[in-house]
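Notes for the one structure printed next.
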There are 2 protein chains.
Amino acid sequence: MVDKPCAAVILNHMVVNRSPRLDRVFHALAHPARRAILQRLAGGEHNLSELAAPLRMSFPAASKHVRVLERARLVRRRVVGRTHICRVEGKPLEEAERWLEEYRRHWERNFLRLDALLDQMKAEEREKKPDHRRE
Amino acid sequence: MVDKPCAAVILNHMVVNRSPRLDRVFHALAHPARRAILQRLAGGEHNLSELAAPLRMSFPAASKHVRVLERARLVRRRVVGRTHICRVEGKPLEEAERWLEEYRRHWERNFLRLDALLDQMKAEEREKKPDHRRE
DNA sequence: CGGTTTGTCAACCATTTGGTTTAAGTTTTC
DNA sequence: GAAAACTTAAACCAAATGGTTGACAAACCG
């Protein structure tokens with residue numbers, strides 16, 4: 001009852017491919033303030049005050065953004081004295097990059113296959129044009 | 001009045017580095033249903049009914065997800081008759097990948113620099129240890 | 001023509017997000 | 001010990017998200 005036979009093959013990979021970690025990573029990257037924080041941290045460690053200073057928002061707001069980055073495991077903090085020092089973490093980003101890479105790979109492979117199919121159809125049409133079936 | 005001199009250099013790149021397109025792309029990728037739609041579309045074109053079928057949600061909900069993907073320019077639709085046929089678009093994803101790549105580059109370069117700094121500090125400490133200053 | 005398929009729109013709802021302000025908790029410093 | 005620095009917590013708010021249902025508009029098929 002699936003719409004098309006070729007769709008069933010693809011369904012192996014999806015239906016509901018839950019991945020809360022990936023959700024959190026992409027969501028964390030979806031806000032300019034959080035990307036700014038990450039870019040800042042890419043230059044080295046900073047505490048919360050330093051991170052919040054250039055952002056045009058209140059300190060608690062910036063603190064919440066850092067917390068979002070932590071939930072996505074993109075940032076880790078260590079508390080030394082009264083300051084909370086943050087640094088970036090690489091592994092979660094790798095997963096996101098891997099998803100994008102696989103997506104692109106799948107997509108480009110399909111394009112090649114589509115080109116081949118079009119060539120084949122063109123060749124078939126050249127040989128026998130009497131058989132006229134739509135769809 | 002900026003906290004540290006080295007911070008001012010980095011501030012060129014940020015403060016408020018608005019990029020609504022990037023926001024939309026990452027936000028679009030942050031939901032499992034939308035990633036599933038993209039993976040499905042990576043295998044070829046589909047209309048809305050086909051996209052909505054495997055998703056455990058109402059048709060209008062799925063339609064909204066496709067609309068989010070369209071606003072992010074990750075998906076384009078063409079209307080033929082009563083069916084809306086969707087296909088993936090590659091360029092916006094490239095921008096996201098570029099951001100991730102630059103972020104990683106910046107971050108890894110800093111790690112190298114940090115290693116060099118640690119070596120230098122170790123060497124200095126070896127030569128003259130009388131100067132004992134905390135921080 | 002009438003019914004079915006395909007899809008949108010509008011209204012509604014619960015939850016999350018992103019922001020604020022004010023208060024409170026720890027360290028450090030003087 | 002008092003003040004200042006660095007953060008969190010709590011209360012609150014507006015807007016966005018993610019989902020539902022029901023009504024409607026086309027387009028296709030019989």
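Chain naming here is simple, since letters A, B, ... match the order of the sequence lines and numbering starts at 1 in each.
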Distance, rounded to the nearest Å, where [X] contributes [atom1] and [N] contributes [atom2]:
{"X": "D23(B)", "N": "dA15(D)", "atom1": "CG", "atom2": "P", "result": "19 Å"}
{"X": "F59(A)", "N": "dG25(C)", "atom1": "CZ", "atom2": "C1'", "result": "14 Å"}
{"X": "R24(B)", "N": "dT17(D)", "atom1": "CZ", "atom2": "P", "result": "11 Å"}
{"X": "R71(A)", "N": "dT17(C)", "atom1": "CZ", "atom2": "C1'", "result": "10 Å"}
{"X": "N47(B)", "N": "dG7(C)", "atom1": "CG", "atom2": "C1'", "result": "10 Å"}
{"X": "R67(A)", "N": "dG19(C)", "atom1": "CZ", "atom2": "P", "result": "16 Å"}
{"X": "K64(B)", "N": "dT6(C)", "atom1": "NZ", "atom2": "C1'", "result": "18 Å"}
{"X": "L48(B)", "N": "dT6(C)", "atom1": "CG", "atom2": "P", "result": "11 Å"}

Which heavy atom of G90(A) sits nearest to which heavy atom of W107(B), and what is that distance?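 For G90(A) versus W107(B), the nearest heavy atoms are CA-CH2, 3.2 Å.
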I need the minimum non-hydrogen distance between M57(B) and A61(B), along with the two atoms involved.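 It is SD-CB, 3.7 Å.
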Which residue lies toward the 5' end of DNA chain C, G81(A) or V68(A), if each is placed at its nearest nucleotide?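 It is V68(A), whose closest nucleotide lies nearer the 5' terminus.
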With distance as the sole criterion, do the side chain of R82(A) and the base of dA5(D) form a donor-acceptor contact below 3.5 Å?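 Counting by modelled atom types and ignoring angles, a donor-acceptor contact under 3.5 Å is found here.
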Look at the side chain of [X] and decide which nucleotide, out of [options], has an atom nearest to it.
{"X": "H84(B)", "options": "dT7(D), dG19(D), dT8(C)", "value": "dT8(C)"}
{"X": "S63(B)", "options": "dT22(C), dT20(D), dT8(C)", "value": "dT8(C)"}
{"X": "M57(B)", "options": "dT8(C), dG19(D), dT21(C)", "value": "dG19(D)"}

Please set out all donor-acceptor pairs under 3.5 angstrom arising from side-chain atoms of residues 21-30 of chain B, sequence neighbours excluded.
unit_1 : atom_1 : unit_2 : atom_2 : d
R21(B) : NH2    : E95(B) : OE2    : 3.4
D23(B) : OD1    : R35(A) : NH1    : 2.9
D23(B) : OD1    : R35(A) : NH2    : 2.6
R24(B) : NE     : R71(B) : O      : 3.4

H31(B) vs dG19(D): side-chain N/O to OP1/OP2 distance below 4.0 Å: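 For H31(B), the contact criterion (side-chain N or O under 4.0 Å from OP1 or OP2 of dG19(D)) is met.
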Quick one: does any side-chain atom of R40(A) pair with a main-chain N or O of E50(A) as donor and acceptor, under 3.5 Å?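 Indeed, once roles are kept as given, a pair shorter than 3.5 Å links the two residues.
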